[in-house]
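What follows is a short report on a single structure.
The shown structure was predicted, so the numbers you read here are calculated from the model rather than taken from an experiment. The chains referred to below are lettered A, B, ... by the order of the sequence lines, with proteins before strands, and numbering in each begins at 1.
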Amino acid sequence: MSTQDANALPPQFVPAEIEAPLYERWVERGYFTADANSDKPPYTIVIPPPNVTGILHMGHALEHTEIDILIRRRRMQGYETLWLPGMDHAGIATQNVVERQLSAEGISRHDLGREDFIERVWKWKAEYGGAILGQMRRLGDSVDWSRERFTMDAGLARAVLTIFKRLYDAGLIYRAERIINWCPRCLTALSDIEVDHDDVEGELVSIRYGDGDSAIVVATTRAETMLGDTAVAVHPDDKRYQHLVGRTIELPLTGRFIPIIADEHVDPEFGTGAVKVTPAHDVNDFEIGLRHGLESRVVIEANAIIFGTDTEFDGLDRFAARAAVVEALRAEGRIVAEKRPYLHAVGHCQRCETAVEPRLSKQWFVKVDVLAKNAGDAVRDGRVRIEPADLEPRYFDWVDNLRDWCISRQLWWGHRIPVWYGPNEEILVLGPDEEAPAGWRQDEDVLDTWFSSGLWPFSTLGWPEKTPEMVKFYPTSVLVTAYDILFFWVVRMMLFGLFVFDGVPPFDVIVLHGLVRDRYGKKMSKSKGNTIDPIEFMDKYGSDALRFSLARNANPGSDQAIAEEWVAGARNFATKLWNATRFALMNGANVTGAIPAPENLSAADRWVLSRLSETTRDVDSLLERFEFAKASEALYRFAWDDVCDWYLELTKATFAEGGAAADVSRRVMGQVFDELLRLLHPTMPFITESLWLHLTGGESIVIADWPEARLDDLDANATAEMAALQELVTEIRRFRNDQGLQPARRIPARLVGLEESVLVTREAEIRSLTRLTVPDDGFSPSASLEIGSFTIEIDLSGTIDVVAEKARLAKDLDAAASEVEQAEARLANDEFRSKAPEAVVKKITDRLAEAHREVARISAALERITQS
RNA sequence: GGGUGCUUAGCUCAGCGGUAGAGCGCCUCGUUUACACCGAGGAUGUCGGGGGUUCGAAACCCUCAGCGCCCACCA
């Protein structure tokens with residue numbers, strides 16, 4: 001292995017020039033395929049998202065960042081990793097995009113027909129989705145994004161058929177007429193989770209039903225549904241209405257007669273204590289209807305038009321009908337009260353924000369009770385861990401209260417429900433390789449996206465076949481995703497995984513990250529115009545910079561703000577790294593031969609190796625806990641503060657001196673950069689690869705070993721010595737600054753007190769860092785500066801700025817005096833002395849002594865300067 | 001209506017019982033041969049308000065206020 005010519009590393013770091021070639025090289029060398037013959041422990045990381053349908057956004061960039069960091073580190077640690085591609089078989093999101101295109105052309109999907117519509121979706125994906133996915137690669141990921149892999153391929157279709165049939169045979173899938181959430185714009189059923197409840201200003205009208213002594217007042221926010229009322233309900237114990245229960249009253253505007261019934265569900269405290277019952281258009285009412293054998297009258301069509309009421313309202317849109325019904329009732333004098341505005345929650349379609357219409361309809365459901373209990377238990381008994389654990393209650397709350405899951409969608413893009421109906425409505429559920437008898441027809445509906453997504457951890461591995469991958473990679477180790485997708489996707493994977501594998505969950509750990517927000521921490525939205533395109537940042541600052549800034553802000557479970565300046569800062573870090581490595585190469589840093597024994601190393605060398613091992617240890621434990629932000633921060637601090645600001649500066653003196661010590665430092669420096677680059681590789685894959693190749697001449701950092709912390713390198717003496725040196729240097733610099741001495745100006749000075757201190761051997765380094773030169777024969781100090789036990793005598797060839805120096809000393813004196821005050825106050829407290837731990841008391845005592853010394857020293861210096 | 005989280009420097013956030021931190025921004029000086037996408041130095045906070053626990057609280061408890069998120073079949 002030979003060190004390459006430093007000239008080969010261009011002076012200017014240009015991300016665009018290194019990223020693409022390196023990516024191509026990695027792919028070419030096949031670094032990203034699983035090695036099936038490996039005898040290393042299986043280790044996979046599931047990668048989301050299965051539904052890359054819409055716009056590539058920061059959320060996906062963050063997900064990929066975290067996953068790729070974990071994967072790359074595991075790979076370097078020698079584990080076998082398998083990165084599975086996401087699949088794109090989403091329903092509504094994709095469908096929406098294409099439908100919008102169609103409506104711009106003035107046609108609906110129903111004009112187009114099923115087959116042609118699906119072709120349109122494919123076309124969109126090829127043009128738009130494909131381009132987006134192509135860009136994702138530049139984050140350094142390794143996914144095979146080919147059309148076959150991320151779409152409804154044959155394998156997935158097989159898996160869907162298999163699971164559907166198994167669940168059906170187990171009695172866990174059923175078809176029933178229920179009140180479901182219906183989106184009148186998407187024209188499909190929705191599951192509960194696809195409905196967002198938002199507060200809306202509506203109107204609560206109180207309507208008098210019946211007349212005379214059987215008059216009863218009900219209140220509603222959806223007046224139009226009264227056309228479908230089939231009862232009025234009161235609480236059984238409500239004295240006010242007991243005489244009415246069992247009677248029949250006339251339903252206004254319709255001429256129909258409906259009964260007054262008693263049901264426990266009614267809250268006597270709310271409103272008048274009487275409720276209109278519309279079984280076909282309200283979940284509660286439907287249940288009341290079931291209990292009392294009421295008729296369900298559907299009066300609102302799929303497209304939200306009133307129909308079948310034999311009234312003037314037929315043909316009106318639901319909102320128009322609402323106003324018209326109220327007016328008609330008012331004309332009859334039946335409106336007894338109106339409350340407006342009346343704030344109440346209304347369900348909206350998550351995709352298109354249309355108000356959802358609860359509607360009686362025949363759909364397919366998954367019976368979730370046992371499945372959900374298992375999913376909850378798997379986390380409760382520790383088979384699956386959720387990181388961060390604070391999000392567990394949210395998981396339990398949801399899983400433990402899950403209602404049956406409506407899985408049929410009246411859409412065309414998706415897996416068609418594998419149910420066939422015979423001539424007499426017989427039902428046949430087909431598994432893989434089974435065929436329906438002639439003349440039978442398949443159910444028109446498709447499955448909820450999340451139904452097939454839920455199979456992802458094993459359908460991608462070839463299930464239901466027992467493939468080698470299946471055996472090796474199920475269960476997988478880690479699932480990484482944003483918390484907002486916990487219920488949509490993660491829970492579904494749990495439900496199915498536990499069912500299919502008889503209690504073995506699909507993964508060991510669920511790692512949840514937050515959402516990416518704008519620079520002010522506000523949610524990004526198109527209407528606010530505060531969305532950020534990650535690709536723009538990649539083009540401008542490089543993939544590494546984007547990735548590093550995402551990682552550096554990724555605290556588990558909490559949202560992160562991102563702004564252009566943050567990414568620019570990460571790019572600055574990359575540039576710093578580039579230049580530092582360039583410096584190392586120019587000075588002959590190398591990785592040849594063993595590191596000399598500690599006794600042959602300089603203090604600076606021992607210190608930097610100590611910090612390196614410390615950093616490695618910290619980064620390891622942080623990444624094991626998925627603390628990406630803190631791990632990135634530790635690396636940033638070590639690289640910039642320790643290596644660049646101190647170590648490299650210290651070695652300048654060593655290299656100027658030359659000799660054996662310089663050779664040793666060259667070797668140590670090579671080691672430091674070698675390991676630092678490896679530690680940073682998962683977080684900044686491209687630049688580290690590029691630099692590492694120049695430094696080591698190795699084959700690729702991708703397949704290099706992950707560094708191990710050498711705890712023997714931890715060196716308390718070197719660390720203490722370094723702290724003393726840093727303090728001395730900083731104080732001298734501060735003095736120079738206060739005196740208005742230009743940084744570059746070399747000034748003769750005598751360093752008194754070094755001999756007796758730990759810094760005895762470090763004069764050359766200190767002089768180099770502070771630009772204080774060795775005094776010659778004619779040296780006559782004109783000022784002296786006391787720092788701790790040191791005195792720096794300086795020849796300023798003139799007088800010092802007394803005013804500035806007095807100000808500086810006065811400030812230091814203030815600080816020392818207040819230190820004394822604080823420490824004394826605490827020590828004067830007997831309770832503190834008796835109750836606080838000994839170590840704490842000692843610390844304060846020491847601090848007080850030190851502060852006293854400071855006060856004396858500074859006072860004396862002030863005295864002298866005033867006299868002179 | 002139930003949960004749940006947040007409120008720390010101008011902005012975004014760490015810290016979660018022993019002297020208030022980072023990045024960006026700000027001020028001063030600087031072409032020092034790795035780097036001006038830089039270096040050196042500096043300023044900036046009664047840690048949302050009020051109580052309490054403790055020798056000691058930004059951190060623990062109670063309470064109030066503001067903001068956010070999740071869940072929800074209140075007509």
Side-chain angles (χ1 to χ4, degrees), chain A residues 11-13 179 192-193 197 204 218-222 225 233 265-267 269-272 274-278 282-287 344-345 347 358 390-391 393-394 397-398 401 403 483-484 486-487 515 517-523 541 545 549 552-553 555 557-563 565-566 568-587 629-630 633 636-637 644-645 648-649 652 729-730 733-738 740-746 768-769 771 818-819 822-823 826 829-837 839-841 843-844 847:
Chain A
Q12 203 63 39
F13 167 55
I179 300 282
D192 293 341
I193 197 176
H197 292 86
L204 183 70
V218 297
T220 183
T221 52
R222 295 195 298 151
T225 61
H265 169 263
V266 180
D267 175 7
E269 303 295 317
F270 187 92
T272 57
V275 183
K276 61 191 272 308
V277 182
T278 323
D282 184 279
V283 180
N284 290 313
D285 293 3
F286 179 71
E287 278 162 17
H344 64 128
D390 334 347
L391 290 170
R394 217 188 259 192
D397 180 59
W398 202 76
N401 297 300
R403 296 196 297 166
Y483 62 72
D484 66 338
L486 180 63
F487 306 135
L515 276 23
R517 322 215 109 157
D518 76 0
R519 68 171 63 203
Y520 303 111
K522 292 272 173 280
K523 199 169 179 174
Y541 302 105
S549 47
R552 197 183 180 185
N553 287 298
N555 287 301
S558 52
D559 295 346
Q560 66 165 281
I562 191 146
E565 294 92 303
W566 292 209
R571 186 273 320 267
N572 293 354
F573 178 55
T575 307
K576 187 76 179 173
L577 208 58
W578 184 273
N579 284 312
T581 310
R582 221 155 57 84
F583 172 87
L585 292 172
M586 283 164 59
N587 285 288
K630 292 181 179 68
E633 187 67 15
Y636 181 93
R637 289 264 82 85
C644 292
D645 289 350
L648 293 190
E649 294 302 326
K652 285 177 180 173
V729 168
T730 303
R733 282 172 174 168
R734 192 173 147 226
F735 171 79
R736 290 185 59 126
N737 216 285
D738 290 346
L741 304 173
Q742 298 190 323
R745 186 170 153 201
R746 289 167 194 278
S768 155
L769 292 171
R771 313 240 148 209
S818 97
E819 185 77 46
Q822 281 180 25
R826 292 182 72 177
N829 185 339
D830 287 340
E831 284 196 284
F832 172 71
R833 300 192 84 115
S834 59
K835 290 185 183 170
V840 175
V841 176
K843 203 164 129 191
I844 303 294
R847 197 185 294 159

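Scanning both residues, A:His197 and A:Ala345, for their nearest heavy atoms gives CB-CB, 4.4 Å. Taking each heavy atom of A:Ser549 and A:Ile562 in turn, the nearest pair found is OG-CD1, 4.2 Å. Shown here for A:Asn553 and A:Gln560, the closest heavy-atom pair between the two residues is CB-OE1, 3.1 Å. The two residues A:Ala574 and A:Phe13 come nearest to each other via the heavy atoms CB-CE2, 3.5 Å. Considering all non-hydrogen atoms of both residues, A:Arg394 and A:Tyr483 come closest at NH1-CD1, 3.8 Å.
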> If you write RNA chain B from 5' to 3' in dot-bracket form, with Watson-Crick or G-U pairs under 3.5 Å, [ ] for crossing pairs and | for pairs with another strand, what do you get?
Replying inline: ((((((((.[[[[.)..(..]]]].(((((.......))))).....[[[[[..)....]]]]])))))))....
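Distance CD (A:Glu565) to C1' (B:C24): 7 Å, rounded to an integer number of Å. Per the geometry, CZ belonging to A:Arg746 stands 11 Å off C1' belonging to B:U33, to the nearest Å.
Residue-to-nucleotide proximity on RNA chain B shows that, of A:Cys644 and A:Phe13, the 5′-proximal contact is made by A:Cys644. RNA chain B is contacted by both A:Ala744 and A:Lys523; A:Ala744 maps to the nucleotide lying nearer its 5′ end (nearest heavy atom per residue).
Within 4.0 Å (heavy atoms only), A:Thr730 reaches sugar-phosphate atoms of the nucleic acid but no base atom. If you check every strand for non-hydrogen atoms under 4.0 Å, A:Arg571 touches a base. If you check every strand for non-hydrogen atoms under 4.0 Å, A:Arg552 touches sugar and phosphate atoms only. At a threshold of 4.0 angstrom between heavy atoms, the contacts of A:Pro393 with the nucleic acid are absent. Using a 4.0 Å heavy-atom criterion, one finds that A:Arg826 contacts the bases of the nucleic acid, with or without backbone contacts as well. The residue A:Asn401 sits apart from the nucleic acid: no heavy atom pair falls under 4.0 Å. If you check every strand for non-hydrogen atoms under 4.0 Å, A:Lys522 touches nothing.
The side chain of A:Ala836 sits closest to B:C55 out of B:C70, B:C55, B:U32. Candidate nucleotides B:C37, B:C35, B:C69 were compared by shortest atom distance to the side chain of A:Gln12, and B:C37 ranks first. Listed nucleotides B:U32, B:A34, B:U19 differ in distance to A:Met586; the shortest reach to its side chain belongs to B:A34. Minimum atom distance to the side chain of A:Arg582 is reached by B:A34, of the listed B:A34, B:G18, B:G23. In this structure, the nucleotide among B:G30, B:G18, B:A22 sitting nearest to the side chain of A:Glu633 is B:A22. Comparing B:C71, B:G18, B:G39 by their closest approach to the side chain of A:Asp645 singles out B:G39.
Shown here are the side-chain hydrogen bond (donor to acceptor under 3.5 Å, both in side chains) partners of A:Lys522, two or more places apart in sequence or in another chain: there are none. Remark: A:Asp390 pairs with A:Pro388 by the side-chain contact (heavy atoms from CB on, under 4.5 Å) rule, at least two apart or across chains. Take A:Glu565 and apply the side-chain hydrogen bond (donor to acceptor under 3.5 Å, both in side chains) test, not counting sequence neighbours, and it matches A:Arg519. With sequence neighbours excluded, the residues forming a side-chain contact (heavy atoms from CB on, under 4.5 Å) with A:Arg733 are A:Trp646, A:Val729, A:Leu769, listed by chain and number. Residues forming a side-chain contact (heavy atoms from CB on, under 4.5 Å) with A:Val283 (at least two apart in sequence, or on another chain): A:Ile179, A:Glu287, A:Arg403. For A:Lys835, the side-chain hydrogen bond (donor to acceptor under 3.5 Å, both in side chains) partners are A:Glu831, not counting sequence neighbours. In terms of the side-chain hydrogen bond (donor to acceptor under 3.5 Å, both in side chains) criterion, residue partners of A:Glu649 (sequence neighbours excluded) are, by chain and number, A:Lys652. Applying the salt bridge (Lys or Arg N to Asp or Glu O under 4.0 Å) rule to A:Arg571 yields no partners; only residues at least two apart in sequence or on another chain are considered.
In this structure, A:Asp282 contributes its side chain and A:Asp285 its backbone to a donor-acceptor pair below 3.5 Å. Counting only distance, with no hydrogens or angles, the side chain of A:Arg517 and the backbone of A:Asp559 share no donor-acceptor pair below 3.5 Å.
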Extract from the structure each pairing of a protein N or O with an N or O of nucleotides 6-14 of chain B at less than 3.5 Å, listing the distance.
unit_1: B:U12; atom_1: OP1; unit_2: A:Tyr520; atom_2: O; d: 3.4

Protein and nucleotides 44-47 of chain B: nitrogen or oxygen contacts under 3.5 angstrom:
none

Pairwise N/O distances under 3.5 Å, protein to nucleotides 72-75 of chain B:
unit_1: B:C73; atom_1: OP1; unit_2: A:Arg403; atom_2: NH2; d: 3.1
unit_1: B:C73; atom_1: O2'; unit_2: A:Asn284; atom_2: ND2; d: 2.5
unit_1: B:C73; atom_1: O2; unit_2: A:Asn284; atom_2: OD1; d: 2.3
unit_1: B:C73; atom_1: O2; unit_2: A:Asn284; atom_2: ND2; d: 2.7
unit_1: B:A75; atom_1: OP2; unit_2: A:Tyr342; atom_2: OH; d: 3.2
unit_1: B:A75; atom_1: O2'; unit_2: A:Ala219; atom_2: O; d: 3.2
unit_1: B:A75; atom_1: N6; unit_2: A:Asp267; atom_2: O; d: 2.6
unit_1: B:A75; atom_1: N6; unit_2: A:Phe270; atom_2: O; d: 3.4
unit_1: B:A75; atom_1: N1; unit_2: A:Asp267; atom_2: N; d: 3.3

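In this pair, A:Tyr636 and A:Phe573 present their aromatic rings tilted. The plane angle is within the 30 to 60° band.
Below the 3.5 angstrom threshold, one finds no donor paired with an acceptor across the side chain of A:Gln742 and the base of B:A40. Remark: the A:Arg394 side chain and the B:U4 base include no donor-acceptor N/O pair separated by less than 3.5 Å.
For the P atoms, the distance linking B:A58 with B:A20 amounts to 8 Å, nearest Å. Going from the C1' atom of B:C74 to that of B:C61 covers 35 Å, rounded to whole Å. Here the separation of B:G48 from B:C35, taken at their C1' atoms, is 43 Å to the nearest Å. For the P atoms, the distance from B:G39 to B:U33 is 14 Å, rounded to whole Å. Between the P atoms of B:C69 and B:C64, the separation comes to 22 Å (whole Å). On the P atoms, B:A43 is 12 Å away from B:A22, given to the nearest whole Å. Comparing the C1' positions of B:U44 and B:C24 gives a spacing of 14 Å, expressed to the nearest Å.
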